[in-house]
Amino acid sequence: MAQTHAASHAGPAHYYVPRPSIYPFVLAGGLFLLACGFILQVNGFAPGPWLMAGGVGVVLFVLHRWFGKVIHESQSGAYREWEDKSFRYGMIWFIVSEVAFFAAFFGALFYVRNISVPDLLSMLPRHEMTLYPEFKDLLWPQSGAGPKGAAFTPMGAWGIPALNTALLLSSGATVTWAHWAMLKNDRRQLNLGLFLTIALGVVFLAFQVYEYRHAYTDLGLTLGAGVYGATFFMLTGFHGFHVTLGVIMLAVIYGRCLKGHFDADRHFAFEGVAWYWHFVDVVWLGLFIFVYWL
Amino acid sequence: MSYAPTAPHDTQHDGHTPSGLLRWLTTTNHKDIGTMYLLFSLLMFFVGGAMILAVRAELFQPGLQLMQPEFFNQLIGVHALVMIFAALMPAATGFANWQIPLMIGAPDMALPRINNLGFWLLPPAALLLTLPFLLAVFGVGDGAVATGWTLYAPLSVQGGLGVDFAILALHIFGISSILGSINIIVTIFNLRAPGMTMMKLPIFCWGWLITAFMLIATIPVLAGAITMLLTDRHFGTHFFNAGGGGDPILFQHLFWFFGHPEVYILLLPLWGLMPHVLATFSRKPIYGYKAQVYAFIAIGVLSVIVWAHHIFTAGLPVPALLYFMYSTMAISVPLAVLFFCWIATMWRGAMSFETPMLFAQGFIVLFGVAGLTGLVLADVAADAQYHHSYFVVAHFHYALFAGGIMGVMTGVYYWLPKWTGHMIDERLGKLHFWLTIVSFNLAFMPQFFVGLAGMPRRIPDYALQFAEFNAISTVGAFILGFSQLLFAYNVWKCMRGGEKAAGRAWEGADGLEWELASPPPHHSWETPPAIR
Amino acid sequence: METTAGFTRPQPHMRFAGAFAALLAPAAALADYTWNFPPPVTPVARETLQIHNEFMIIIGVLFTVVFAIMIYSMVKHRKSLGHAPARFSGPTGAVQWFWVLVPFAILLFIDFVLMGIPAWRAVVEMEDTKTKADMVLKITGMQWKWQYEYPESDIRFVSALSTPREQIANQEAKGEHYLLEVDNEVVLPVGRKVRILLTATDVIHTWWVPQFGVKRDAIPGFLRETWVRIEAPGVYRGQCAELCGKDHGFMPVVVRAVPEPEFAAWVESKKGEQTATAAGAERTWSKDELLAKGKEVYEAQCAVCHQPDGKGLPPAFPALSGSRIVTGPLLGMNGRLAKDGHVDRVLNGKEGTAMQAFRNTLSDVDLAAVITYERNALGNATGDLIQPAQIKALRREAP
Ligand code: HEA
Ligand code: HEA
Ligand code: CUA
Ligand SMILES: [Cu+2]
C-alpha cells in the first residue's frame with residue numbers, strides 16, 4: 001500500500017464542508033408525507049389529497065430554502081475550483097441515472113413492439129388457443145384486443161411533433177449561445193439567450209398540452225389504449241415532466257443572471273442546467289424517432 | 001457582479017455544532033452519517049430476521065399452525081426487501097461513509113448535505129414497507145405486499161395497497177442509493193489525497209466505485225419498472241397485460257435487469273473489503289491488486305448482460321437460453337480471480353485468527369458454496385429442476401447471509417476498534433462466529449436437499465416427505481437468529497468501552513485510516529496527506 | 001398400477017424423533033430420505049439428473065481442491081508457528097504466471113466444455129416440443145387449480161387440491177399424499193410424446209412435475225410449450241412453482257400415466273361423462289337439485305376465496321353473504337345479461353382481480369347450480385333460481 005508522510009501543505013486548501021443542516025431531514029419527511037398521501041389517494045382514502053398537499057408544500061419549501069442557502073454560499077465565495085469540480089461530477093452522474101431511467105421505458109417500447117405484440121399475433125392461427133381471439137391483426141401501432149383495447153388513431157409525426165423537434169433543437173442552440181455569451185462576459189446576449197431558451201421550452205410544453213388534449217378528445221388515444229397508448233404517454237409524459245423541471249431550473253438561472261450572478265469562470269449552476277437541458281433535448285430526439293416516426 | 005472573493009468562513013471550526021438528537025438529524029459529518037447507516041442496518045437486520053423466524057416457525061411442521069397463507073406471503077417478501085434494501089445495502093453504505101474519506105485522505109464526503117439526505121430517506125422508506133402490516137391491524141387494506149420481493153406482474157397488479165406502499169418505498173430507497181452512489185463516485189474521483197492515483201486507491205474503494213456505477217445504471221430501471229406497475233394498477237395502462245398487447249415477462253426482464261446486478265451490488269463492497277482483512281491478519285501485502293480491480297470491472301460489466309438466468313422457465317427462445325447460460329457461466333472467471341487472490345494473499349503469510357479474520361475465512365468458504373451452486377443454476381436444463389425450489393433459496397442465503405451479512409460482520413469487527421477506540425471482546429466474537437457458522441449450515445444446508453427433492457419455495461405448507469429437513473432448518477434458523485444477539489451485544493459493549501485501541505489497531509494493518517488515532521478526530525484529514 | 005413416487009417415509013409420529021436422530025447420527029437416520037432428484041421417468045428428467053450429478057461432482061472437486069489449499073495454508077502459515085510472512089504481491093516470472101493461469105484455463109474448460117456442451121444438448125432437446133408429437137395437452141393455470149384440455153378428444157376438466165381442510169388445519173391426521181392429491185388427475189399414455197401447451201387466466205403459474213424434469217411457466221395471455229414422454233406407468237406428483245397468491249402452496253399437479261389401451265378407455269369414459277353433463281343442460285332442474293349440485297360446486301370452486309360460509313376474506317375477497325351483487329337482480333332487462341350483475345360476474349369474472357371468468361371452466365349446469373346456491377344459501381335468500389338452459393343462452397351474449 002501507499003506510504004504516507006505527514007505532509008501538511010501538499011494539497012489544495014480546505015474543502016468546504018457545510019455546517020449541519022436540518023433540510024435533508026425535513027425533505028425526507030416531506031417525501032414520506034407525499035408518498036403516503038399518494039398511496040391513500042390512489043386507493044380512494046379521504047386523507048390522501050391533504051397529505052399529498054402537505055408533502056408537496058414541505059418539499060417545495062425545503063427546496064426553496066436549501067437552494068437559497070447553496071446560492072448564498074456560492075455567492076459568498078465558499079466554493080472554489082475544488083468544490084466546483086465535485087458539483088460537475090455530481091451533475092454528470094445524476095444525468096447518467098436519468099438516462100438509465102428513460103432507457104427502461106425505451107426498453108419497454110422496444111420489447112412490446114418487437115417481442116410481445118408479434119408473439120401475441122403469432123398465436124392467432126393456432127386453434128383458438130389464445131385468450132384474445134379478437135386480437136387485431138395489425139403489427140404496430142397496436143392497442144391489443146382486451147376489453148380495453150378501444151379503437152384509436154396513432155399520433156402522426158409530421159405535425160406538432162416535428163414542430164416541437166424544431167423548437168427543442170433551437171432551444172439547445174440558444175442555451176449554447178447564452179453560454180458562449182457568458183464566457184465572453186456579454187450579459188446582454190446571455191440574458192437574451194436564456195430568455196429565448198425558456199420561451200421555446202414553454203411553447204414546446206404548450207404544444208404538448210395541446211397534443212394531449214387532441215389525443216384524448218379526438219383520437220381516442222389514452223393511457224388505456226393498449227401498449228401503444230401506455231408507451232406513448234409514459235415516454236412523452238416523463239419527457240414533458242423533465243422539460244417542465246428544466247424550464248423551472250432555467251428560470252431560476254435566468255433570475256440569477258439578471259441579478260448579476262456568475263461570471264466567465266464561475267457558473268457551475270448555469271452549466272449544470274444547460275447540460276440537463278441538452279439531455280432533455282437528446283431524449284426528445286429519441287422520442288421523435290422511435291415513438292412518433294418509426 | 002456580486003461574486004465576492006472573500007475568504008470562506010471556515011465553518012468546520014465555529015463550534016456551533018448542534019448537540020443531542022439535533023446533531024444526528026442535521027449532521028453533515030461522514031462519520032456520524034456512517035454510524036447512523038450502520039445502526040439503522042443493524043436494527044433492520046433484526047426486524048427482517050424476526051419476520052423470517054416467524055416463517056420458519058410456521059414451516060417447522062407440515063400444516064398451518066401460526067398464520068394464514070396471505071400473511072405468510074407478506075412476511076417472506078417483506079423479509080427479503082427489508083434484508084436487502086434496509087439491512088445489507090445501508091450497511092455497505094455505512095462502511096463507505098466511514099471508511100472512504102479516511103482511506104483516501106479526504107476531509108469528508110464530497111457532498112455532505114446530500115449524504116445526510118441519503119441516510120434520512122431510509123427510515124421513511126423502511127416505514128412505508130412495514131406500515132401496511134400496522135394499517136391492516138386497524139382495518140385499512142389487507143396487509144403488506146404479498147408477491148415476494150420480485151413483485152411479478154400480474155400478481156402485483158392484482159394485489160392490495162401493500163403493493164403501492166412497496167413501490168413507493170422502493171422509489172425512496174432507490175433515490176437514496178442513487179444519491180449515495182453519486183456521492184461516493186464524486187468523493188473518489190475528486191477528493192483523493194494528492195499522489196493517490198487510481199491504481200493506488202485502496203481496493204475497498206474500488207469495490208464501492210464499481211458498485212456505485214452499477215447502482216446508477218440499474219436502480220433507475222427498477223424505478224421505471226415499478227412505475228409502469230403503478231400505472232398498470234391505477235391509471236389503466238397495459239404494460240404487463242396481454243389484453244392490451246403488453247407482456248408480464250416484460251416486467252421480469254426489467255426487474256432482473258436490476259435484480260441480477262443487485263446481487264453483486266450487495267457483495268462488491270464486501271469483496272473489496274476482504275483483501276484488506278486477509279492482508280492484515282496474514283501480515284502480507286494484498287496479492288494481485290490489479291487483477292482484482294480488473295475482476296471488479298469485469299463483474300460490473302458482465303452483471304448487466306446475464307439477467308435472464310432468473311427466468312429460464314418462462315419460455316425464452318433457445319438462442320436466448322444458450323446466450324444467457326454461457327454469459328452467466330462466464331462470471332465464474334472474474335470470481336475465480338478473486339478467490340485465487342484471496343487465497344494467495346493468505347499463502348505463506350503469518351496468519352493469526354482474530355474475529356474479523358475468522359469471519360473473512362468463513363465468508364470465503366461459504367460464499368464458495370453459493371458461487372459453485374450458482375454455477376450449476378446457470379445450466380438451463382438443470383435449472384428446470386432447481387428453479388423456484390428450495391435449492392435456490394439455499395443458494396442465495398449462502399450468498400446473501402454467508403456472503404453479505406457475514407461480510408458486513410467481518411467489516412464491523414475489523415473497523416470497530418478504529419471507529420470506537422476500543423478493541424472488541426475477542427472471546428464473545430469467536431463464540432459468535434462459531435455459533436453462526438454451525439447454525440447457519442444447520443439452517444440452510446438441508447434446504448439444498450429439500451429443494452432437490454422437489455419442495456417449491458414460497459409455500460406456507462408442504463408435503464410430508466419434506467418434514468424432517470424443514471424441522472432441522474427451523475432449529476438452525478432459531479439458533480442462528482438468537483446468536484446474532486451476541487453480535488449486537490458485542491457492538492454495544494465495544495461502543496461503551498473496553499481495551500483502548502491504538503491508531504493501528506491491528507498489528508498488520510496498512511493504509512491511511514490506520515495512521516489516524518482511534519477513534520479518529522471528528523474532522524480528519526482536513527489537510528490532505530501526501531502519498532508517495 | 002400405482003408405483004410410488006419414490007419416497008418411503010417413516011410414520012408421522014416418528015418424524016421428530018427422526019429429526020433429532022438426524023442431528024445425532026446422520027448416516028443411519030437419514031438413509032431413508034431423498035438427497036437428490038426423485039427418480040426420473042422421462043428422457044429429459046434422466047438427462048437432467050445426469051447433468052446434475054456430473055455438476056455436483058465437478059463443483060465438489062473444485063470446492064475440495066480450493067479449500068484444501070486454503071486450509072493447508074491456514075494450518076501451516078500461522079503466526080503462532082513463527083512463520084515469517086512472505087512479501088510477494090503478484091506473480092513474477094514466466095513459471096509463476098503459468099501456474100496462475102492454469103486454474104483459469106481449467107475453469108474455462110469446465111464452464112464451456114465439461115458443463116457447457118451437455119447443457120447445450122439438453123436444452124435443444126428440452127425445447128424440441130414439435131417434432132413427432134403424438135398428442136397435445138393444454139394446461140391452463142388459474143387461481144388455484146389447473147384446467148386440462150385434450151383438444152383432439154374434446155375433453156376438458158379442472159383439477160384442484162383434494163386434501164381436506166381439516167388436515168391442513170391439523171385437526172385430522174394427514175394422509176399419505178398430503179397436499180399432493182387432486183380431485184381429477186390428468187391421465188396420459190405411457191410412451192407417447194405429449195406436447196404440452198400452457199397458459200393462464202389470471203397470474204403466472206408454473207407447472208412442475210419433478211419426476212418429468214419439466215417446469216414451465218403458464219403466462220396469462222400467452223402460450224408456452226414443453227413436452228413429456230413418460231416411460232413408466234405410475235402416479236406422478238408435483239406442484240405449482242410460481243408464487244400465484246394466497247393458495248400458491250395448495251395447487252398440486254397429479255399425473256397418472258397409464259398404458260395406451262387403458263388411456264383410450266379413459267378417454268372414452270371421460271367423453272361419456274361430458275356428454276352426460278351437456279345433456280343435463282337441456283333439461284329443467286328442480287331447485288333442490290340445483291342447490292345440492294351448487295353446494296358441491298361452491299365448495300370445490302369458490303370456497304377457497306369466498307370461504308365455505310360465504311363470509312369471504314375482506315378486503316381481498318368480498319363476502320357473498322349479503323353481497324349487493326348476489327342479492328341484486330338476477331338478470332337484466334328482458335332476461336338479458338346485466339353488466340356487473342351476478343351472472344356476469346361469475347361468467348366473466350372481473351378483470352384485474354382474482355375473480356376469474358368461470359365461463360370456460362364450469363359447465364352450464366355447474367354455473368346455474370352455483371349461482372342458484374349462492375342466492376339461496378350462505379345467508380342469502382332471494383328465492384330465485386336460474387336454469388342451465390338459460391346460462392347456455394346467456395353465454396353467447398357479449399360480456
Ligand atoms: C449476493 C448474492 C448472490 C450472488 C453473489 C450470486 C451469485 C451467482 N448466482 Fe445467484 N441468486 C441470488 C443471489 C446471488 N447469486 C439470489 C438472491 C437469487 C434468487 C432470486 C429470487 O428468485 O428471489 C439467485 C438466483 C440465481 C439463479 C436463478 C435460479 C432460479 O431461480 O432458477 C441463477 C441461475 O443462473 C444464479 C446464478 C448465480 C451465479 C452463476 C453466480 C455467480 O456470481 C457465482 C460465481 C462464483 C463462483 C463460480 C465461485 C468461484 C470459484 C471458486 C470457488 C473456485 C474456482 C476457482 C478456481 C478454478 C481457481 N443465481
Ligand atoms: C440479505 C438478505 C437476506 C438475509 C440476511 C436473510 C436471512 C435469513 N433468511 Fe431469507 N430471504 C432473502 C434474503 C435474505 N434472507 C430473500 C431475497 C428471500 C426470497 C424472498 C422471496 O421469495 O421473495 C428470502 C427468503 C427466505 C426463505 C424462503 C421463504 C419461502 O420461499 O417460503 C427462508 C426460509 O427459510 C428464509 C430464511 C432466512 C433465515 C433463517 C435468515 C437468517 O439469516 C435470519 C437470522 C435471524 C435474525 C437476525 C433474527 C434475529 C431476531 C431475533 C433474535 C428476535 C429479536 C427481535 C428483535 C430484537 C426485534 N429466507
Ligand atoms: Cu399457481 Cu403458484
Ligand atoms: Cu442472478
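Just so you know, these numbers come straight off a predicted model, no measurement behind them. Note on naming: letters A, B, ... go to the chains in the order of the sequence lines (proteins, then strands), and numbering restarts at 1 for each one.
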Legend entry - From Lys76(C) atom NZ to Met351(B) atom CE, the distance as rounded to the nearest 0.5 Å: 12.5 Å
Legend entry - Other residues, nucleotides, ligands: >12 heavy atoms within 6.0 Å of Trp149(B) CH2: yes
Legend entry - Atom pair CZ (Arg283(B)) and NE2 (His83(C)), whose distance is rounded to the nearest 0.5 Å: 12.5 Å
Inset, instruction - For Arg348(B), look at atom CZ and say whether over 12 heavy atoms of other residues, nucleotides or ligands are found less than 6.0 Å away. - result: no
Legend entry - Side-chain heavy atoms of Ser332(B) within contact of Leu107(C), under 4.5 Å: yes
Legend entry - Side chain Gln239(C), main chain Met455(B), donor-acceptor under 3.5 Å: no
Inset, instruction - Compare every heavy atom of Tyr178(C) with every heavy atom of Gly63(B), then report the nearest pair and how far apart it is. - result: CA-OH, 3.3 Å
Inset, instruction - Select one option (side chain, backbone, both, neither) describing which atoms of Val44(C) are under 4.5 Å from chain B's heavy atoms. - result: neither
Inset, instruction - Could you tell me whether the side chain of Lys246(C) and the main chain of Glu70(B) form a donor-acceptor pair under 3.5 Å? - result: no
Inset, instruction - Keeping the roles fixed (side chain from Asp217(C), backbone from Gly315(B)), state whether a donor-acceptor pair exists under 3.5 Å. - result: no
Legend entry - Heavy-atom contacts under 4.5 Å, residues 49-57 of chain C to chain B: Ile51(C), His52(C), Phe55(C), Met56(C)
Legend entry - For chain B, the option from Pro210(C), Gly213(C), Ala86(C) that forms the most heavy-atom pairs under 4.5 Å: Ala86(C)
Inset, instruction - May I ask you to name which of His388(B), Gln158(B), Arg458(B) has the most heavy-atom pairs under 4.5 Å with chain C? - result: Gln158(B)
Inset, instruction - Select, from Val124(C), Asn170(C), Thr48(C), the one with the greatest count of heavy-atom pairs under 4.5 Å involving chain B. - result: Asn170(C)
Inset, instruction - Please answer whether the main-chain N or O of His387(B) pairs with a side-chain N or O of Lys215(C) as donor and acceptor at a distance below 3.5 Å. - result: yes
Inset, instruction - Tell me, for Ala314(B) versus chain C, whether the close heavy atoms (under 4.5 Å) come from the side chain, the backbone, both or neither. - result: both
Legend entry - Pick from Phe449(B), Phe71(B), Phe281(B) with the largest number of heavy-atom pairs that fall under 4.5 Å of chain C: Phe449(B)
Legend entry - Aromatic ring pairing Tyr326(B)/Phe112(C), orientation class (parallel under 30°, perpendicular over 60°, tilted between): tilted
Inset, instruction - Could you have a look at Thr150(B), Thr373(B), Leu322(B), Val318(B) and say which one has the most heavy-atom pairs with chain C under 4.5 angstrom? - result: Leu322(B)
Legend entry - Side chains of Ile249(B) and Phe222(C) in contact at under 4.5 Å (non-hydrogen atoms): no
Legend entry - Within-4.5 Å side-chain heavy-atom neighbours: Pro456(B) and Cys240(C): no
Inset, instruction - Answer with yes or no after comparing the ring centroid distance for Phe448(B) and Trp35(C) against a 6.0 Å cut-off, counting only values under it. - result: no
Inset, instruction - Could you tell me which of Gly238(C), Ala169(C), Cys244(C), Pro103(C) has the largest number of non-hydrogen atom pairs under 4.5 Å with chain B? - result: Cys244(C)
Inset, instruction - Check the pair Met70(C), Gln361(B) against side-chain contact (heavy atoms from CB on, under 4.5 Å), reporting the backbone distance first and the verdict last. - result: CA-CA 9 Å; Met70(C) 178 171 146; Gln361(B) 290 171 332; 3.7 Å; yes
